Amino acid sequence: MDGKITRGLILLTYKGKALLMNKSNSSIDREKHPWCFIGGVKGEAESFENAMKRRVETETGIAIKEVELISESCYHARLTDDDVNRIKREENQLLDFFTIKDIRKLFLSNTTAQFVSKHSELI
């Protein structure tokens with residue numbers, strides 16, 4: 001690796017809540033899998049903004065239009081009523097909206113916990 005950051009996370013907000021995702025292999029192991037913001041790796045010739053748009057569409061079915069850079073590899077987008085009505089969940093995938101108070105009670109991935117500690121004012 002050349003030391004360049006290739007992974008990012010995006011905070012999706014809607015009416016004072018943030019969308020988090022949890023994936024599990026079965027209903028009995030949900031406790032093992034942390035809640036997280038949507039994220040992923042960018043392609044070599046792809047911008048982070050386009051990578052985040054692609055990941056959101058892959059994970060939720062939502063085609064977001066605007067992505068805002070918050071800090072290095074951290075992005076934000078606001079969802080509309082139409083976006084929320086278009087959310088599609090895959091099997092073994094939970095998507096839910098949480099207030100910042102609720103998020104602080106969840107078992108979060110390390111990267112999501114770091115994002116929340118730096119940018120909780122956006123929620």
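The residues of the chain are indexed from 1 along the displayed sequence. Because the structure is predicted, anything quoted here is derived from the model rather than measured.
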Query raised in the report: What closest approach, in Å, do Phe98 and Ile103 show between heavy atoms, and which atom pair accounts for it?
Result: CB-CG1, 3.5 Å
Query raised in the report: If you draw a 6.0 Å radius around CG in Asn110, do more than 12 non-hydrogen atoms from other residues or ligands fall strictly inside?
Result: no
**Report entry** Cys74 backbone acceptor or donor facing Ser71 side chain under 3.5 Å
**Finding:** no
Requested in this report: Please check if atom CD in Glu44 has more than 12 non-hydrogen atoms from other residues, nucleotides or ligands closer than 6.0 Å.
Outcome: no
Query - Heavy-atom side-chain proximity of Ile10 to Ile64 below 4.5 angstrom - result: yes
Requested in this report: For Arg86, enumerate each residue passing the salt bridge (Lys or Arg N to Asp or Glu O under 4.0 Å) test, keeping only those at least two apart in sequence or located in another chain.
Outcome: none
Query raised in the report: Does Ile38 offer a backbone N or O that forms a donor-acceptor pair with the side chain of Arg55 under 3.5 Å?
Result: no
Report summary line: When rounded to the nearest 0.5 Å, the distance separating NE2 of His119 from CG of Leu9 is 10.0 Å
Requested in this report: Might you work through the side-chain contact (heavy atoms from CB on, under 4.5 Å) test for Ile100 and Arg104, ending with a clear yes or no?
Outcome: CA-CA 6 Å; Ile100 189 62; Arg104 290 190 171 125; 3.6 Å; yes
Requested in this report: Taking only Lys NZ, Arg NE, NH1 and NH2, and the carboxylate oxygens of Asp or Glu, determine whether Lys53 and Glu46 approach each other closer than 4.0 Å.
Outcome: no
Report summary line: To the nearest 0.5 Å, atom CZ of Phe107 lies from atom CG of Asn22 at 9.0 Å
Report summary line: When every non-hydrogen atom of Ala51 is compared with those of Lys42, the smallest separation belongs to CB-CB, 3.6 Å
Query raised in the report: Testing Leu19, Leu20, Leu12 for side-chain contact (heavy atoms from CB on, under 4.5 Å) with Phe37, which one passes?
Result: Leu20
**Report entry** Closest non-hydrogen atom pair, Glu49 against Tyr75
**Finding:** OE2-CE2, 3.7 Å
Report summary line: Rounded to the nearest 0.5 angstrom, the CG-CE distance for Leu69 and Met52 is 11.0 Å
**Report entry** Distance-minimising heavy-atom pair for Ala18 and Leu11
**Finding:** CB-CD1, 3.5 Å
Report task. Answer yes if Leu108 and Leu94 sit in the same cluster of Ile, Leu, Val, Met, Phe, Trp and Tyr residues linked by side chain heavy atoms under 4.5 Å apart, and no otherwise. Result -> yes
Report task. Answer whether the closest heavy-atom distance between the side chains of Phe97 and Ile87 falls below 4.5 Å. Result -> yes
**Report entry** Spacing of Leu122 atom CG and Ile70 atom CD1 [to the nearest 0.5 Å]
**Finding:** 5.0 Å
Report task. State plainly whether the residues Lys23 and Glu90 are in salt-bridge range, i.e. N to O under 4.0 Å. Result -> no
Query raised in the report: If every non-hydrogen atom of Pro34 is compared with every non-hydrogen atom of Ser109, which pair is closest and at what distance?
Result: CB-N, 3.2 Å
Query - Carboxylate-amine/guanidinium contact Lys15 Asp81, below 4.0 Å - result: yes
Query raised in the report: CG of Leu79 to OG1 of Thr60: how many Å apart, nearest 0.5 Å?
Result: 7.5 Å
Report summary line: In this structure, NZ of Lys88 is separated from CD of Glu57 (nearest 0.5 Å) by 9.0 Å
